[in-house]
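Below you'll find the structure, written out as structure tokens, and then a few comments.
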Amino acid sequence: MAFRRFRAATIAVTAAVAMSSMLVTPSAIAETRRSASEAGAPGVGDPYFLYQGNGGFDVRHYDIAFSYDPATRRMNATTTVTAVATQNLDRFDLDFRGPDISMLTVNGTTAGFQRDGQELIITPGSNLPSGRVFTVVVKYAGVPPVITDPDGSIEGWVPTDDGAFVVGEPQGAPAWFPGNDHPTNKATFTFHATVPEGTTAVGNGRLLSQTTASGWTTFVWDSTEPMATYLATVTIGKFKITESTTPSGIPIYTAVDPRLVKRSAAAVAQIPDIIDYYRQTFGPYPFSSTGAIIDYAPNVGYALETQTRPVFCDVPSNAVGTMAHELAHQWFGDSVSVRHWSDIWLNEGFATYSEWLWSEHTGGMTAQKLFEQAYAGDKRSFWQITIADPGVVDMFSDPVYDRGAMTLHALRGKVGDAAFFRILRQWVQAYRYGNATTTDFIKLSEKESGMDLTSFFDVWLYQKGKPTTW
Ligand code: TRP
Ligand code: ZN
């Protein structure tokens with residue numbers, strides 16, 4: 001568990017610096033655009049990341065085709081974004097922090113564009129009426145960036161000694177493709193990644209083809225279930241590939257850095273059983289493939305629940321627990337995603353509680369024991385975070401994970417096992433492939449239990465301080 005939160009320990013030091021960069025005031029360009037009549041908004045209004053996502057359209061599909069040479073760290077890419085206008089648009093933004101753009105078209109016609117921070121501001125040759133499907137093609141080349149977050153952690157396109165470790169939570173996706181970078185706009189994805197022969201590019205979903213010509217191999221990956229941009233990856237390196245299936249027939253594709261095969265073997269071997277246990281506990285696995293990417297990018301310090309196939313930057317000391325955590329996110333976080341980043345405990349608290357359930361299921365510490373340990377063990381500062389809205393710097397801090405998990409265990413005690421597991425199953429069913437809020441969870445819990453849980457959730461989620469009665 002310490003692994004994915006290795007980063008959190010370093011957060012306090014960088015927090016003060018980070019706070020100043022949070023106080024972004026809208027730039028002059030954004031102000032001008034806001035007043036223009038039919039311009040799409042430069043953000044979706046998520047207070048944690050003001051410019052994340054965009055207004056005026058909904059992306060349906062990304063086709064991301066690129067070559068990448070680990071030796072030069074350069075990428076050469078063409079991304080096609082297919083979207084539907086949700087208002088009349090004479091101008092709209094995509095989020096993009098990648099290298100230089102050489103060409104941009106909308107519906108096949110060259111379009112005007114300018115860049116302002118993470119905003120790629122596009123002026124199509126003719127207006128897009130509300131309801132119109134349109135395609136944006138963006139060609140770009142250069143070195144994609146590493147992105148530093150308000151908490152000091154790194155993400156985006158992180159070069160490794162044999163390729164690149166590619167992660168996007170909460171704001172790294174625009175490092176390598178232009179898009180609508182907010183979890184509320186899910187889309188399907190196709191990736192065509194060309195890398196030097198002998199190197200593997202591992203994306204989300206199913207591997208459609210792998211073809212080699214003149215020393216380069218192109219991997220085509222297809223992700224047919226809706227996916228948030230932050231969960232996309234095409235991680236590149238030298239990998240040992242293993243393909244198999246779970247007991248229920250879900251294809252497994254696992255890529256492991258040869259240096260880490262031994263140390264990760266126990267965790268990788270449990271993937272089918274973990275998936276199977278969660279299927280029985282939470283309901284059907286939401287995607288059509290699974291697996292893992294065990295890479296070596298030690299400067300990253302956390303794993304990510306990239307859709308269908310979580311990615312690890314190393315083998316953590318608690319490798320099995322971390323695998324159970326990342327696979328649980330496929331239900332909690334990937335299929336059911338947050339509506340606002342302030343709801344992040346719905347991801348991390350639920351994945352941590354799933355880790356507790358897996359521990360108990362496999363004869364390790366019981367959920368009750370893990371609850372007692374977390375409740376007793378943590379320092380005073382641990383209890384000073386409001387986990388229903390931890391703030392951007394503390395999104396991935398320990399309380400979001402552990403107090404989040406404790407909240408679920410306390411809820412289970414309050415409503416009883418039958419209602420509790422009904423709540424979890426209803427949650428993943430009702431919001432499958434969608435977005436939900438803490439308020440949605442409270443409403444569902446009250447409905448399934450028939451209880452008034454206002455003060456229960458108030459104590460656990462909205463108040464600071466260690467809960468004593470609930
Ligand atoms: N969501 C990841 C997990 O819990 C952790 C994570 C993603 C993270 N991005 C981060 C942790 C940035 C710290 C900083 O598995
Ligand atoms: Zn997590």
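Atoms within a ligand are numbered from 1 in the order they appear, just like the ligands themselves.
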Worksheet item: With a 4.0 Å cut-off on heavy atoms, does E155 reach ligand 1?
Response: no
Practice prompt. Just say parallel, tilted or perpendicular for the rings of H409 and Y353, cut-offs at 30° and 60°.
Written response: tilted
Worksheet item: With F177, which of F96, F189, F191, Y230 fulfils ring-ring contact (aromatic ring centres under 6.0 Å, His included)?
Response: F189
Worksheet item: Got a sec, which residues hit salt bridge (Lys or Arg N to Asp or Glu O under 4.0 Å) with D69, two or more places apart in sequence or on another chain?
Response: none
Worksheet item: Does S153, backbone or side chain, put an N or O under 3.5 Å from an N or O of ligand 1?
Response: no
Worksheet, complete the sentence: Quick note on ligand 1: atoms under 4.0 Å from a heavy atom of E305 include exactly 1 (N), 2 (C), 3 (C), 15 (O)
Worksheet item: At a non-hydrogen distance cut-off of under 4.0 Å, which region of A351 contacts ligand 1 (side chain, backbone, both, or neither)?
Response: neither
Worksheet item: Between M395 and ligand 1, which part of the residue brings a heavy atom under 4.0 Å of the ligand: side chain, backbone, both or neither?
Response: neither
Worksheet entry | salt bridge (Lys or Arg N to Asp or Glu O under 4.0 Å) partners for D100, two or more places apart | none
Worksheet item: Relative to ligand 1, is D151 under 4.0 angstrom through side chain, backbone, both or neither, heavy atoms considered?
Response: side chain
Worksheet, complete the sentence: The atoms of ligand 1 lying under 4.0 Å from a heavy atom of H329, numbered in the order shown, are 3 (C), 4 (O), 15 (O)
Worksheet item: Does the N or O separation between D149 and ligand 1 drop below 3.5 Å for any pair?
Response: no
Worksheet item: For ligand 1, which atoms sit closer than 4.0 Å to a heavy atom of E326?
Response: 3 (C), 15 (O)
Fill in: Apex the Zn ion (ligand 2); atoms H329 NE2 and H325 NE2; angle rounded to 10 degrees
100°
Practice prompt. For D343 and T438, test the side chains for any donor-to-acceptor distance below 3.5 angstrom and give the result as yes or no.
Written response: yes
Discussion item. Is it the case that the ring center of F396 lies less than 6.0 angstrom away from the ring center of Y302?
Written reply: no
Practice prompt. Quick one: pull up CZ in R73 and OG1 in T160 and give me the separation to the nearest 0.5 Å.
Written response: 8.5 Å
Worksheet item: Does a donor on one side chain and an acceptor on the other come within less than 3.5 Å for Q171 and D149?
Response: yes
Worksheet item: Just which atoms of ligand 1 are under 4.0 Å from any heavy atom in H325?
Response: 3 (C), 4 (O), 15 (O)
Worksheet item: In terms of atom number and element, which parts of ligand 1 are under 4.0 angstrom from non-hydrogen atoms of Y401?
Response: 2 (C), 3 (C), 4 (O), 5 (C)
Worksheet item: Can you tell which of W345, Y48, Y462 makes a side-chain contact (heavy atoms from CB on, under 4.5 Å) with D389?
Response: Y48
Worksheet item: Numbering the atoms of ligand 1 from 1, which are under 4.0 Å from a heavy atom of E348?
Response: 1 (N), 2 (C), 3 (C), 4 (O)
Discussion item. Suppose I only count heavy atoms of A303 and a 4.0 Å limit; which atoms of ligand 1 are within that range?
Written reply: 2 (C), 3 (C), 5 (C), 15 (O)
Discussion item. Could you check, using the six-membered ring where one of them is a Trp, whether Y68 and F66 have ring centers closer than 6.0 angstrom?
Written reply: no
Fill in: Any N, O or S atom of E348 closer than 2.8 Å to the Zn ion (ligand 2)
yes
